[in-house]
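Quick note: residue numbers are just sequence positions, from 1. Side chains included, hydrogens not; waters and symmetry mates left out as well; all remaining heavy atoms used. All of these numbers come straight from a predicted model, not from anything done at the bench.
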Amino acid sequence: MDRQQQFLDLTGDFIASVDKHYRIEFINRSGRELLGIGQEHDLSVQPLHVSDFHTESTWQQLSREIFPQVLECGYWAGVVNFRTLAGHEVPVSLRILPHLDEHGQVTGLTGIGQDQRLKRAFQTQEAMAERILDSTIEGIIVTDAAARIERVNPAFTQITGYSALEVIGQTPKLLRSNHHEQPFYDAMNASLRRHGSWQGEVWNRRKSGEVYLQWMSVSALKNDNGVVTNFVSIFHDLTEMRAKEAQIEELAFTDPLTGMGNRYKLVQTLAQLLKRNRKPSTNSALIALMCIDIGQLSPINDRFGMRGGDQLIKRQAERLQQHLGDRLSFFRLTGDELVAIINDPHDLTGMARYANECISQLQVPLYLEGETIRLSPSAGLAVFPKDGDDADTLLACAQTALIAAKQAGRDSYRFYDEALSNELRQRMMLEQQLRLAIQHETGLGLELYLQPKVNIIDRALVGAEVLLRWQHPEKGMISPGEFIPLAEESRLIVALDRWVFSQSCALLQQWQTLLPGLPRLSVNLSARQLQEPDLVDWCLHTIALYGLEAQQLELEVTETAFINLADDVLRQLASLRAAGFSLALDDFGTGYSSLTYLRRLPLDVVKIDRSFVADLCTDARAATLLKGMIQLLSELEFGVVAEGIETDEQARLLQGIGCKTGQGFLFYRPMPASEFMQLYGKSCSAGN
């Protein structure tokens, strides 16, 4: 026991044991110090009881509530106020456990606790420090030893414009203005390492992009071992106090990265030009505003980081300034978007010439970290006074034209006109409605149609291709030729593909209990879908969710997917086929066909494009080519499906050259899923 008591005395926790009459049998050194019991006090000679260390109300709570709960539940924990022998109140975080004899009878209780006074004092001090930090007018940044921001105060947000959530985990580099060269920061870090502190003037940038001057003091905080644990920066804004008027003007209206005018400078300059050209005494001249997108900066930022992207923007801006700066006034609007004012270009041809020249300059390859970078720039132009007679309207029109140029495939320019603007607004509205329509609960009219596949010889149903239709509640039936390209441009195509796949699985699940021998459904996958790394796992998870087998679905992919994404597609298709899905190559023969692809691809079915079938009766060469193609595909053990069969003669000729399966208006047009279900049910009944 003496050895055990030594261990118990070493702990800083309060430990005491009492018998079933609440007489203290043992209390360790920390407990004696906490309650004012002398270390020499012999408990067997001078007994002490639990009630000696509590007020009457606390003792009543212990004896009537807490101790019975310990006996019933075997445990209790909470905070209890003790009273020392000297009469002082001590809050203790206490855990109470019963101890039992060999018969399971309670012989006493043991309490283990911690003095809460230091914790509460610390909490009070911490709350006071928080109030001081929150009320000071200086901005404060606290980072860890690796300079990652752990907290900031409200003044920091007021000065910089960044909220705490936006900067926690970032480094103070977020605020850099590019005003200082790297040696400036090297000297700051050297001072922190050598002296543990640094102070001086720093040009930083607010969230709005505005550059401002601040006085900053940085101190390193160390632990007892002399190791730096944190850095604390305290700063206040010197812009109004220290910057001269000309200096403020320069910083407020110049983009620090490119040296071009910023958005504020653009609006100011454009407003002055427009005002001058509105005067009756002045011959009104053409003024063109050109918005320039230097070309898909996101992949550059992903590959080289934001610093690489900034380098690219800076070098492209320098290139434009060098070659066209004497004729055009350039500004940086946001990110990778620049603006040029073309003053008095005489005619639209002159404007177009400038746009072409800008695009040509930005298309010239450049090198970043040893890699060749080629960009696809775009430009949009708006003309004063035709497109707008104020700065904001003219800028909005130029940006609308820029969007049109990018959607047209980039490496081009577009002029603004009202019809174009209306078209773009309609497209954006349609895109939003399509986004909503993918959600099941909105009821915006997306619906699956099925076009049956038949045995050409006896016209028996052998399957169906799933097609998507959009019966818009306001616009009526919207052509897939309109909304599918929109989905591809807006990157909604992945979600749309998966919606169709899931709905097809739901149909098969519904039919399993109603129809014998379910038909195989063919579902189209876009080239973009095949780039999704989780495609295989998602497909398997979805069919499992609906209780289906992979063999019940055929996945159709167009040839263009192989041309652009050959390696990625091969890996995805191989995994899908290994999982049990049947794979079909759609639109074979549309101009991209390659026997090499047929040899390499893990395919089961090849679908002959309708263009071959359409010429079958009128072009002998088409018939000969198609016959050879079908024979070759059969020898390669591919199933063959002919699309677009519209006449009995086409069906007869296809049957004669060995094609057994087809689809087209001759047999059935695409129909709602409910109609197909009825058709297939009748077919099964007739077969029986």
Participant: What's the verdict on side chain to side chain contact (heavy atoms under 4.5 Å, CB included) for F384 and L273, showing C-alpha distance, side-chain angles and the deciding distance?
Facilitator: CA-CA 10 Å; F384 169 85; L273 278 173; over 6 Å; no

Participant: Using a cut-off of 6.0 Å, state whether more than 12 heavy atoms not belonging to R319 lie near its atom CZ.
Facilitator: yes

Participant: Does a side chain donor of either E474 or Q433 reach within less than 3.5 Å of an acceptor in the other side chain?
Facilitator: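 No, no side-chain donor-acceptor pair sits under 3.5 Å.
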
Participant: Does any part of the side chain of Q572, heavy atoms only, come nearer than 4.5 Å to the side chain of L525, both counted from C-beta?
Facilitator: no

Participant: Quick one: does L175's side chain get under 4.5 Å of F156's, heavy atoms only?
Facilitator: yes

Participant: If I take atom CG from residue L381 and atom CE from residue M290, how far apart are they, to the nearest 0.5 angstrom?
Facilitator: 5.5 Å

Participant: Could you tell me if Q471 and E447 have a donor-acceptor pair between their side chains, going purely by distance under 3.5 Å?
Facilitator: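 On atom types as modelled, these side chains do not qualify, holding no pair under 3.5 Å.
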
Participant: More than 12 foreign heavy atoms under 6.0 Å from CD of E371: is that the case here?
Facilitator: yes

Participant: Would you say T171's side chain and A147's backbone share a donor-acceptor pair under 3.5 angstrom?
Facilitator: no

Participant: If you compare all heavy atoms of G308 against all heavy atoms of L368, which two are closest, and at what distance to 0.1 Å?
Facilitator: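 What the structure gives for the nearest pair is O-CD2, 3.8 Å.
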
Participant: What's the separation between atom CG in D609 and atom CG in D587, rounded to the nearest 0.5 Å?
Facilitator: 5.0 Å

Participant: Could you state the interatomic distance from CD (E201) to NE2 (H180), rounded to the nearest 0.5 Å?
Facilitator: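 Rounded to the nearest 0.5 Å, the CD-NE2 separation comes out at 9.0 Å.
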
Participant: Do the charged groups of R528 and D497 touch, with an N to O distance under 4.0 Å?
Facilitator: no

Participant: So which heavy atom on A404 is nearest to which on R414, and how close?
Facilitator: C-CG, 4.0 Å

Participant: Do R669 and F665 form a cation-pi contact, if we require the NZ or CZ to be under 6.0 Å from the six-membered ring centre and within 45 degrees of the ring's axis?
Facilitator: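 That pair qualifies as a cation-pi contact.
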
Participant: With a 4.5 Å cut-off on side-chain heavy atoms, are P480 and Y449 touching?
Facilitator: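 Heavy-atom side-chain distance check fails, nothing below 4.5 Å.
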
Participant: Is E357 paired with R353 through a side-chain N to carboxylate O contact shorter than 4.0 Å?
Facilitator: no

Participant: Can you tell me how far CD1 of I645 sits from CD1 of I608, rounded to the nearest 0.5 angstrom?
Facilitator: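 If we round to the nearest 0.5 Å, I608:CD1 and I645:CD1 are 10.5 Å apart.
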
Participant: Give a yes or no on whether the backbone of K314 and the side-chain of T258 come within a donor-acceptor separation of less than 3.5 Å.
Facilitator: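 No.
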
Participant: Do you know which two heavy atoms are closest between A391 and L274, and how far apart they sit?
Facilitator: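 In terms of heavy atoms, the two residues are closest at N-CD1, 3.5 Å.
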
Participant: For I159, is there any backbone N or O sitting under 3.5 Å from a side-chain donor or acceptor partner on R206?
Facilitator: yes

Participant: Rounded to the nearest 0.5 Å, what separation is found between the CD atom of Q268 and the NZ atom of K265?
Facilitator: 5.0 Å

Participant: Could you check whether the rings of Y413 and F415 sit parallel, tilted or perpendicular, using 30° and 60° as the cut-offs?
Facilitator: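 Perpendicular: the ring planes of Y413 and F415 meet at over 60°.
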
Participant: With respect to S177, which candidate in V211, L213, L257 satisfies the side chain to side chain contact (heavy atoms under 4.5 Å, CB included) definition?
Facilitator: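 Running side chain to side chain contact (heavy atoms under 4.5 Å, CB included) over V211, L213, L257 with S177 returns exactly one hit, V211.
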
Participant: Please tell me if the side chains of V500 and V523 come closer than 4.5 Å, counting only heavy atoms from C-beta onward.
Facilitator: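 Yes, their side chains come closer than 4.5 Å.
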
Participant: Less than 3.5 Å apart, any donor N or O on the side chain of Y212 or Q214 sitting next to an acceptor on the other?
Facilitator: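 Note: Y212 and Q214 side chains meet the donor-acceptor criterion.
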
Participant: Treating E556 as the side-chain partner and A584 as the backbone partner, does any N or O pair qualify as donor plus acceptor under 3.5 Å?
Facilitator: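 No, because the side chain of E556 does not come within donor-acceptor range (under 3.5 Å) of the backbone of A584.
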
Participant: Looking at K475 and E482, is there a salt bridge between them, counting it only when a charged N and a carboxylate O are closer than 4.0 Å?
Facilitator: no

Participant: What heavy-atom pair brings S163 and T157 nearest, and what distance separates the two atoms?
Facilitator: CA-OG1, 3.8 Å

Participant: Any side-chain to backbone donor/acceptor pair from D390 onto T393? Under 3.5 Å, distance only.
Facilitator: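 Yes, D390 side chain to T393 backbone: donor-acceptor pair under 3.5 Å.
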
Participant: Crowded around Y185 OH? As in, over 12 foreign heavy atoms under 6.0 Å?
Facilitator: yes

Participant: Evaluate side-chain hydrogen bond (donor to acceptor under 3.5 Å, both in side chains) for E465 paired with S522, printing each intermediate quantity in order.
Facilitator: CA-CA 5 Å; E465 179 181 0; S522 299; over 6 Å; no

Participant: Say whether, by atom type as modelled, one donor and one acceptor occur between the side chain of E337 and the main chain of T334 under 3.5 angstrom.
Facilitator: no

Participant: Go through L395 and C291 one step at a time and tell me if the side chain to side chain contact (heavy atoms under 4.5 Å, CB included) criterion holds.
Facilitator: CA-CA 8 Å; L395 180 58; C291 284; 3.9 Å; yes

Participant: With a 4.5 Å cut-off on side-chain heavy atoms, are F483 and L496 touching?
Facilitator: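 With C-beta onward as the side chain, the pair touches.
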
Participant: Taking the side chain from W470 and the backbone from I478, do they hold a donor-acceptor pair closer than 3.5 Å?
Facilitator: no

Participant: Check step by step if side chain to side chain contact (heavy atoms under 4.5 Å, CB included) holds for E532 and W538.
Facilitator: CA-CA 10 Å; E532 295 298 303; W538 184 88; over 6 Å; no

Participant: Give the minimum heavy-atom separation between P602 and L570, together with the two atoms involved.
Facilitator: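 So the minimum-distance heavy-atom pair works out to CD-CD2, 4.1 Å.
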
Participant: Can you find a heavy atom in the side chain of I294 that is under 4.5 Å from one in the side chain of L320?
Facilitator: no

Participant: For R205 and P256, indicate whether the former's side chain and the latter's backbone hold a donor-acceptor pair under 3.5 Å.
Facilitator: no

Participant: Indicate yes or no: at least one non-hydrogen side-chain atom of V605 is less than 4.5 angstrom from one of V641.
Facilitator: yes

Participant: Determine yes or no for a side-chain-to-main-chain donor-acceptor pair under 3.5 angstrom, with H472 supplying the side chain and G445 the backbone.
Facilitator: no

Participant: Of all the heavy-atom pairs spanning G644 and V613, show the shortest one and how long it is.
Facilitator: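 Between these two residues, the closest heavy atoms are O-CG1, 3.8 Å.
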
Participant: Roughly how far apart are L338 CG and F330 CZ, rounded to 0.5 Å?
Facilitator: 8.0 Å

Participant: Walk me through whether L289 and D387 qualify under side chain to side chain contact (heavy atoms under 4.5 Å, CB included).
Facilitator: CA-CA 10 Å; L289 196 64; D387 298 327; over 6 Å; no

Participant: Is there a side-chain contact between D336 and D293, using heavy atoms and a 4.5 Å cut-off?
Facilitator: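 A side-chain contact exists here, since the closest heavy-atom pair is under 4.5 Å.
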
